[in-house]
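To keep things clear, I will list the structure first and then write my remarks on it.
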Number of protein chains: 2
Amino acid sequence: MLTIGKLGQAAGVKVPTIRYYEQIGLLPEAERSAGNQRLYSRKALDRLTFVRHARELGFTLDAIRDLLSLSDHPDQPCAAADAIAKAQLAEIEKRLARLASLKVELKRMVAQCAGGSIADCRVIEVLGNHSLCAAEHGPRESEGDS
Amino acid sequence: MLTIGKLGQAAGVKVPTIRYYEQIGLLPEAERSAGNQRLYSRKALDRLTFVRHARELGFTLDAIRDLLSLSDHPDQPCAAADAIAKAQLAEIEKRLARLASLKVELKRMVAQCAGGSIADCRVIEVLGNHSLCAAEHGPRESEGDS
DNA sequence: CTAATGTCTATAGCCACTGTAGCTTCAAGA
DNA sequence: TCTTGAAGCTACAGTGGCTATAGACATTAG
């Protein structure tokens with residue numbers, strides 16, 4: 001049995017984050033020691049590692065909740081898990097495309113800065129005048145990265 | 001003079017967002033009509049367009065605040081604006097690299113799904129077992145895109 | 001036994017908005 | 001002129017995914 005700190009270290013997740021996951025029902029309530037401290041089994045570590053890894057891959061907590069409940073029923077077909085992963089892949093590809101076009105535009109902007117005064121600064125100018133953009137950004141979607 | 005709705009349409013920014021920008025001091029307080037409704041000048045439209053465009057490029061509101069104050073002093077050298085844009089570019093390149101490696105791993109995961117049952121599902125398996133990863137994700141940073 | 005570290009709860013804050021409720025103001029049509 | 005419906009107003013709560021703080025209790029090493 002691990003205390004929350006050891007668990008966090010082992011899984012690479014911060015302690016408050018573990019408590020947060022429990023609070024929102026992503027992890028089951030932990031057993032408690034005589035002194036009311038959380039105790040975790042090896043299985044709990046696996047589960048948390050799964051969560052961390054999925055988070056690293058950009059899955060939302062909701063998607064992870066679904067994946068966890070799927071992995072709790074290993075006899076069912078894996079089409080649902082596959083679908084979640086595919087949706088995630090599509091999301092990431094969308095973001096990649098968007099970031100790539102932002103990068104092009106930013107590069108252009110930065111490259112054109114001749115080091116003069118603000119009045120002649122392309123950075124400021126391009127930001128103020130959309131018609132100077134290279135790329136079309138397409139419709140708005142969520143786009144608030146990070 | 002434009003009402004807030006027209007301004008929003010013209011700049012491509014939602015009305016509550018404009019009020020929010022005013023509230024946090026990113027935009028100056030708007031003039032008011034006799035009936036207490038906000039009125040905006042052409043200049044305000046330019047400023048808001050600048051903000052929207054910078055947001056689309058992924059600048060934080062703090063960075064935009066700096067850029068705006070730079071553009072309010074056009075006689076100074078543009079090194080600062082250039083630095084902000086370069087920092088933003090570096091950020092975006094980091095995110096691009098990260099997303100690209102996530103994409104590789106997700107693709108591998110999805111490709112290996114043979115359509116069997118959860119018990120054999122690579123998606124679930126890979127998520128649970130870090131040693132099955134292809135890519136190294138590097139240290140944690142912010143990584144919470146979109 | 002003591003001191004340092006770890007854990008507990010509860011609560012607030014972060015970013016950049018978005019949504020809600022309940023009101024007032026305005027512009028256009030009958 | 002009156003009415004109706006859209007658009008505006010304020011204030012506040014909620015989103016996602018944590019992170020930080022405060023003050024009390026538990027555990028462990030020396």
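Labels below follow one simple rule: chain letters A, B, ... track the order of the sequence lines, proteins then strands, and each chain is numbered from 1.
- We find that CG of B:Asn36 is positioned 12 Å from C1' of C:dC23, with the value rounded to whole Å.
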**Prompt:** Does the salt bridge (Lys or Arg N to Asp or Glu O under 4.0 Å) test come out yes or no for B:Glu91 and B:Lys94, once each step is laid out?
**Reply:** CA-CA 5 Å; B:Glu91 257 308 305; B:Lys94 253 174 41 186; 3.4 Å; yes
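- Residue B:Thr17 places none of its side-chain N or O atoms closer than 4.0 Å to OP1 or OP2 of C:dC17.
- At whole-Å resolution of the value, CD in B:Gln37 and C1' in D:dT10 are 13 Å apart.
- Looking only at side-chain heavy atoms (C-beta outward), B:Glu105 and A:His53 come within less than 4.5 Å of each other.
- The A:Thr60 side chain lies nearest to D:dG17 when the options are C:dC17, D:dG17, D:dT27.
- Side-chain nitrogen and oxygen atoms of B:Arg19 include none within less than 4.0 Å of the OP1 or OP2 phosphate oxygen of D:dT10.
- Summarising the geometry, atom CZ belonging to A:Arg38 is positioned 10.5 Å from atom CG belonging to A:Leu27; distances are rounded to the nearest 0.5 Å.
- The side chain of B:Ser33 places no N or O atom within less than 4.0 Å of a non-bridging phosphate oxygen (OP1 or OP2) of C:dT25.
- Near DNA chain C, meaning a heavy atom under 4.0 Å away, the residues from residues 22-32 of chain A are A:Arg32.
- The nearest whole Å value for the distance from the OH atom in B:Tyr20 to the P atom in D:dA11 is 17 Å.
- Listed pair A:Arg38 / C:dC8 meets the phosphate criterion, a side-chain N or O lying under 4.0 Å from OP1 or OP2.
- Taking only side-chain nitrogens and oxygens, A:Lys14 never comes nearer than 4.0 Å to OP1 or OP2 of D:dC18.
- Listed by first then second residue, pairs satisfying side-chain hydrogen bond (donor to acceptor under 3.5 Å, both in side chains) with a partner in residues 61-77 of chain A read A:Arg47-A:Asp72, not counting sequence neighbours.
- Look at B:Tyr21 and you'll find a side-chain N or O under 4.0 angstrom from OP1 or OP2 of C:dC17.
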